[in-house]
Amino acid sequence: MTSPWRFFESAVREFRSPPGTKLQTEYHVDSSLDLRSRTDVTTCTDWGAPIMWDGMFDPNIYDEHHKKMGSTVALTVFAIGRYLGMYLMDFLTSAERHFMVGLLVTYYVFTDAPENVSGLNLMAGRTLEIVPVKRHERWQDISMMRMKTIADAIQTRIRHRHRYVFCQDVDQVFVGRFGSEALGESVALLHSSFYNTPQERYTYDHNPNSTAYMEKGDFYYHAAVFGGMWQSVANLTDSCHQGIMADKRNQVEALWHDESHLNKYFWLHKPSKVLSPEYCWNLLNGFSKEIHVQRLRWGEKHYDIVRT
Ligand SMILES: CC(=O)N[C@H]1[C@@H](OP(=O)(O)OP(=O)(O)OC[C@H]2O[C@@H](n3ccc(=O)[nH]c3=O)[C@H](O)[C@@H]2O)O[C@H](CO)[C@H](O)[C@@H]1O
Ligand SMILES: [Mn+2]
């Protein structure tokens, strides 16, 4: 039986929502979010998706919910060429400490050198699969063609075993909880260099000849982290790949490669959950008072070494 408190609580929550916005809770668990607990940042998009900041959620409520649901998560990561030696082990060992701890997780490592992936002790309920892929010559293609590889892997492997998929760059390290509160139907990340800057500075693709072309958008999203239910991620990666291939036929390349296509996609298909830059912070941004915790942090860039 529904307790009368439930009605009271939801009335309180409505009251607390910022004016003009109403949280569209796709799951019951997101209705536990307190949008008013942070007054220094925007906690809800115009279309009612929560923007996840520390303090808005109770991690235990999320973990209990997803454990009860038996939620399964695939984490895809690419380590091709020198990115393997430079970044992969730190990424994986830190994910073991902080990524979706307590849930069933499978890492999908896509690499051109499976024999170079060293063994790793994984926690119970966690597995790692190595998927051999061929190496594209240009780093731009390595980055962009991830969309195709992920789309294929979802159809052949992931969708049979995992409800959720997260897709991440390898040149980053987990330093704090990146937990089940980040799960949702379609999840995008605010780019830490742009969350505070005016829209005119967003580096959308402004070339009308590219399929990624856009003049205005909602936010500037970072391609280093995206995710959602496998159906949504399948749709996203398929669409981005089609855009990338259409551009190739027209001999254009979007300004920020896969990231430009991702931004176009999320403009047309609004994410149901947005992660704050806590979920991928760059130390070079310096101190920001609204960042109370860092969860994932950019690694050092060594383009001169890794992209040759
Ligand atoms: C904000 C920003 O600047 N974003 C762009 C920048 O991100 P990044 O500079 O973060 O790109 P990146 O060098 O991390 O490459 C993306 C990911 O592809 C994988 N990888 C890439 C190259 C390679 O030789 N081996 C390999 O494994 C690896 O998982 C890596 O993390 O550049 C990318 C292209 O690379 C995309 O255009 C991003 O949108
Ligand atoms: Mn990166």
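In listed order, ligands and their atoms are each counted from 1. Residues: numbered from 1 along the sequence shown.
The residue among Trp298, Tyr221, Phe110, Tyr303 with a heavy atom at the shortest distance from atom 9 (O) of ligand 1 is Tyr303. Among Gln168, Met144, Arg307, the residue whose heavy atom lies closest to atom 35 (O) of ligand 1 is Arg307. Distances from atom 25 (N) of ligand 1 to the heavy atoms of Val109, Ile80, Thr111, Val170 put Ile80 nearest. With Thr203, Asn282, Asp258, Thr76 as candidates, the residue nearest to atom 36 (C) of ligand 1 on a non-hydrogen basis is Asp258. Nearest-residue assignment for atom 4 (N) of ligand 1 (options Glu259, His222, His136; heavy-atom criterion): Glu259.
Summary of contacts: the protein heavy atom closest to atom 28 (C) of ligand 1 is Phe78 O, 3.4 Å. Residue, atom and distance of the protein heavy atom nearest to atom 17 (C) of ligand 1 are Arg146 NH1, 3.2 Å. For atom 13 (O) of ligand 1, the closest non-hydrogen atom on the protein side is Tyr83 OH, 2.5 Å. The nearest protein atom to atom 14 (O) of ligand 1, hydrogens excluded, is given as Asp171 OD2, 2.9 Å; this is a heavy-atom distance.
Interface of Ser143 with ligand 1, defined as ligand atoms under 4.0 Å from a residue heavy atom, comprises 16 (C), 33 (C), 34 (C), 35 (O), 36 (C). Every atom of ligand 1 with a heavy atom of Lys301 under 4.0 Å away is listed here by number and element: 8 (P), 9 (O), 10 (O). Counting atoms of ligand 1 from 1 in the listed order, those under 4.0 Å from a heavy atom of Trp139 are 34 (C), 35 (O).
Within a 6.0 Å radius of CD in Glu215, more than 12 heavy atoms belonging to other residues, nucleotides or ligands are found. Counting non-hydrogen atoms of neighbouring residues, nucleotides and ligands closer than 6.0 angstrom, the CG atom of Asp40 exceeds 12 such neighbours. The environment of CD in Glu300 is sparse: at most 12 heavy-atom neighbours from other residues, nucleotides or ligands sit within 6.0 Å.
In summary, the side chains of Thr203 and Tyr220 do present a donor paired with an acceptor at a separation below 3.5 Å, with no hydrogens or angles considered. Ser186 and Ser272 share no side-chain donor-acceptor pair at under 3.5 Å. Side chains of Thr39 and Arg36: no donor on one and acceptor on the other come within 3.5 Å.
With ring centers used as reference points, Phe91 lies 6.0 Å or more from Tyr87. Ring to ring, Phe178 and Phe166 are close: their centroids are under 6.0 angstrom apart. Between Trp256 and His222, the distance separating the two ring centers is not shorter than 6.0 angstrom. Residues His65 and Tyr62 keep their aromatic ring centres 6.0 Å or farther apart. In summary, the aromatic rings of Tyr221 and Phe226 are positioned with their centroids too far apart to meet the 6.0 Å limit. Aromatic ring centres of His257 and Trp139: separated by under 6.0 Å.
No heavy atom of Tyr87 sits closer than 4.0 Å to any atom of ligand 1. The shortest separation from a heavy atom of Arg82 to ligand 1 is not under 4.0 Å, leaving the residue out of contact. Using a 4.0 Å heavy-atom cutoff, Ala79 is listed among the residues neighbouring ligand 1.
Taking only nitrogen or oxygen atoms, main chain and side chain alike, Asp169 reaches within less than 3.5 Å of ligand 1. At under 3.5 Å, not a single nitrogen or oxygen of Gly81, backbone or side chain, sits near a nitrogen or oxygen of ligand 1. In terms of N/O distances under 3.5 Å, ligand 1 is approached by His257. Residue Arg135 places no N or O, backbone or side chain, under 3.5 Å from any N or O of ligand 1. Checked by distance only, ligand 1 and Ile142 stay at 3.5 Å or farther apart across all their nitrogen or oxygen atoms.
Of all N/O/S atoms in Asp169, OD2 sits nearest the Mn ion (ligand 2).
With respect to Thr237, the side-chain contact (heavy atoms from CB on, under 4.5 Å) criterion is satisfied by exactly one of Val165, Asp258, Ile150, Asp152: Ile150.
In this structure, Trp281 CH2 and Arg295 CZ are separated by 13.0 Å, a value rounded to the nearest 0.5 Å.
Counting heavy atoms closer than 4.0 Å to ligand 1, residue His191 contributes side-chain atoms (C-beta onward) but none from N, CA, C or O. Heavy atoms from both the backbone and the side chain of Trp256 come within less than 4.0 Å of ligand 1.
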